[in-house]
Amino acid sequence: MENGLMEPFQNKKAPLSDNLKSIFFLLPSWILLLIFFIGPMILTFVFSFTNLALTGAEASQLQFIGFENFTRMFQDPEFRTSVWNTIIFVFFSAVLGQCFLGFLIAFLMREKNKTFRRIIGLIIIAAWVTPEVVVSFCWVAFLSESGTANWVLGILNIEPVAWLFTFPMVSVIIANIWRGTAFSMMVFQSALDDIPKEVEEAAIMDGASRWKIVTKITIPMVKGTIATNLMLVTLQTLGVFTLIYTMTGGGPGVSTATLPVFMYKQAFVSYQLGYGTAISLVLLVLGAIASLIYMKTLKVKV
């Protein structure tokens, strides 16, 4: 009888015990997240409203200066140029480059045999797993005055081109597409493989053309994957620094100075950390706006 009476109380205590266990096991992760992610984000927000610097009088006298950094930023022509460079770099590199090319490669490889897919996949993925700084030096060597690109032009009796000075933005965009397309390809390959073949076969039997199948069946069925990939690739491309800085240093002049490069120069070359953190907040806002646009345009439910 006592056991029967005590049973409901034991069942009520069980969920509380499970919750405490979950909190206990997740506590180390939350602490690390707080120290290395949430903490720096809060400090970045706070420091963007200060005159924090590495040298000079500001280094020893930290002061709250309100929106001075942001006022200075929006009045700086180099900042406006870096925003425009960032938009161009992200649009052509992430949207038209990595995402479109990744989908195209995955689609073309869909019906091929496993051996062919593995060989092509390994070749493309090799660029993705190569460290970014190594990729940068490879492209610098390829596009240098005595590099492979000009060697090919020489064979065709065409004058050599100083690619990194004449077409700097095109050069860094192509290099980033070459490195990052593999990620989009793998994401789309997985999504396309999950589409039931019966759906497309039924459409073929109804007389639908190949283009109709792609636009009316294939793409709508992987719309969520497209949005997710676009967000990931865009956010990743927004933060590209090593590749651009190694290849061009943001030059010639400021022709390839995207926001990460501009932020680095202000924070660690000019030693204005407060101004640099303010620029990083703008970069964060751009990433959030791009994500919202993708979700709204593709009508993806979160």
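No experiment lies behind these values; they were computed from the predicted model shown. Start at 1 with the first residue, then count along the sequence. When reading the values below, keep in mind they use all heavy atoms of this one structure, side chains included, and skip hydrogens, waters and symmetry mates.
Applying the under-4.5 Å side-chain rule to Ile, Leu, Val, Met, Phe, Trp and Tyr, the cluster around Phe36 extends to Leu27, Ile31, Leu32, Ile35. Cluster partners of Val133, by chain and number: Val134, Phe137. The rule joins Ile, Leu, Val, Met, Phe, Trp and Tyr whenever side-chain heavy atoms lie under 4.5 Å apart. Clustering of Ile, Leu, Val, Met, Phe, Trp and Tyr by side-chain heavy atoms under 4.5 Å joins Ile123 with Ile119.
Within the structure, no pair that satisfies the ring-ring contact (aromatic ring centres under 6.0 Å, His included) test touches residues 198-223, not counting sequence neighbours. Pairs of residues two or more places apart, or lying in two chains, that qualify as side chain to side chain donor-acceptor pair (under 3.5 Å) and include a residue from residues 86-97 are Ser93-Asn176. Within the structure, side chain to side chain donor-acceptor pair (under 3.5 Å) contacts touching residues 162-174 (residues at least two apart or in different chains) are Asn150-Trp163. The side chain to side chain donor-acceptor pair (under 3.5 Å) contacts involving residues 131-141 comprise nothing, where partners must be two or more places apart or lie in separate chains. Residue pairs meeting the ring-ring contact (aromatic ring centres under 6.0 Å, His included) criterion with at least one partner in residues 180-203, sequence neighbours excluded, are Phe103-Phe188, Trp128-Phe183. Residue pairs meeting the side chain to side chain donor-acceptor pair (under 3.5 Å) criterion with at least one partner in residues 245-269, sequence neighbours excluded, are Thr248-Thr256.
Taking both residues in full, the closest heavy atoms of Ala94 and Val233 are given as CB-CG1, 3.4 Å, listed atom of the first, atom of the second, then distance. Residue Ala191 comes nearest to Val222 through the heavy atom pair CB-CG1, 3.8 Å, listed as atom of the first residue, atom of the second, then distance. Pairing each heavy atom of Leu235 with each of Gly287, the nearest pair is CD2-CA, 3.6 Å. Heavy-atom minimum distance, Ala203 versus Ile213: CB-CG1, 4.1 Å. Across Lys212 and Ala208, no two heavy atoms sit closer than the pair CB-CB, 4.4 Å. Residue Ile177 comes nearest to Gln98 through the heavy atom pair CA-CG, 4.1 Å, listed as atom of the first residue, atom of the second, then distance.
Listed for the Ser190 side chain is no donor-acceptor partner under 3.5 Å among the backbone atoms of Met186. Counting only distance, with no hydrogens or angles, the side chain of Ser144 and the backbone of Ala141 share a donor-acceptor pair below 3.5 Å. For the pair Ser48 (side chain) and Phe45 (backbone), a donor-acceptor distance under 3.5 Å is present.
Scanning for salt bridge (Lys or Arg N to Asp or Glu O under 4.0 Å) contacts around Asp193 gives Arg117, with sequence neighbours left out. Among residues two or more places apart in sequence or in another chain, the side chain to side chain contact (heavy atoms under 4.5 Å, CB included) test is passed with Val46 by Ile42. Thr50 is linked by a side chain to side chain contact (heavy atoms under 4.5 Å, CB included) to Phe47, Leu52, Leu62, counting only residues two or more places apart in sequence or in another chain.
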*Apply side-chain contact (heavy atoms from CB on, under 4.5 Å) to the pair Tyr275 and Asn51, showing each step before the final yes or no.*
CA-CA 7 Å; Tyr275 188 41; Asn51 65 341; over 6 Å; no
_Pair Ile173, Phe89 - check side-chain contact (heavy atoms from CB on, under 4.5 Å), show working._
CA-CA 6 Å; Ile173 286 173; Phe89 180 70; 3.7 Å; yes
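Contact of the Leu96 side chain with the Phe91 side chain is registered, since non-hydrogen atoms from C-beta on lie closer than 4.5 Å. The closest side-chain heavy-atom distance from Pro220 to Lys223 is not below 4.5 Å. Here the side chains of Val261 and Ser82 are not in contact, with every heavy-atom distance at 4.5 Å or above. With a 4.5 Å cut-off on side-chain heavy atoms, Asp76 and Phe262 count as touching.
For CZ of Phe241, the number of neighbouring non-hydrogen atoms (other residues, nucleotides, ligands) closer than 6.0 Å is greater than 12. Under a cut-off of 6.0 angstrom, the local environment of CZ in Phe142 is crowded, with over 12 non-hydrogen atoms contributed by other residues, nucleotides or ligands. Annotation for Arg80: atom CZ counts as buried by contact number, over 12 foreign heavy atoms lying within 6.0 Å. Around the CZ atom of Phe37, the shell of radius 6.0 Å holds no more than 12 heavy atoms that belong to other residues, nucleotides or ligands.
Under a hydrophobic clustering in which Ile, Leu, Val, Met, Phe, Trp and Tyr are joined whenever their side-chain heavy atoms come within less than 4.5 Å, directly or via other members, Ile65 and Leu43 fall into different clusters. Hydrophobic clustering of Ile, Leu, Val, Met, Phe, Trp and Tyr side chains at less than 4.5 Å, counting indirect connections, unites Ile105 with Ile195. Hydrophobic clustering places Val170 together with Val135 (ILVMFWY residues linked when any side-chain heavy atoms are closer than 4.5 Å, directly or through intermediates). Hydrophobic cluster membership is shared by Ile38 and Met41, with clusters built from Ile, Leu, Val, Met, Phe, Trp and Tyr side chains linked at under 4.5 angstrom. Under a hydrophobic clustering in which Ile, Leu, Val, Met, Phe, Trp and Tyr are joined whenever their side-chain heavy atoms come within less than 4.5 Å, directly or via other members, Val254 and Val282 fall into different clusters.
The distance from atom OG1 of Thr130 to atom CD1 of Ile125, rounded to the nearest 0.5 Å, is 11.5 Å. For the atom pair CD1 of Ile204 and CZ of Arg210, the computed distance is 6.0 Å after rounding to the nearest 0.5 Å. Note that OG of Ser184 and CD of Gln236 are 8.5 Å apart. Values are rounded to the nearest 0.5 Å. Put simply, CG on Leu273 and CG on Leu54 are 4.0 Å apart, with the number rounded to the nearest 0.5 Å. Summarising the geometry, atom CD1 belonging to Ile226 is positioned 12.0 Å from atom CE belonging to Met221; distances are rounded to the nearest 0.5 Å. Note: Met231 CE to Cys99 SG = 11.0 Å, rounded to the nearest 0.5 Å.
Screening Asn85, Ile244, Ile174 for a side-chain contact (heavy atoms from CB on, under 4.5 Å) involving Met169 leaves a single residue, Asn85. For the side-chain contact (heavy atoms from CB on, under 4.5 Å) criterion with Leu238, the lone passing option out of Leu284, Leu283, Leu259 is Leu283.
Below 30°, between 30° and 60°, or above 60°: for Phe49 and Phe70 the angle between ring planes is between 30° and 60°, a tilted geometry.
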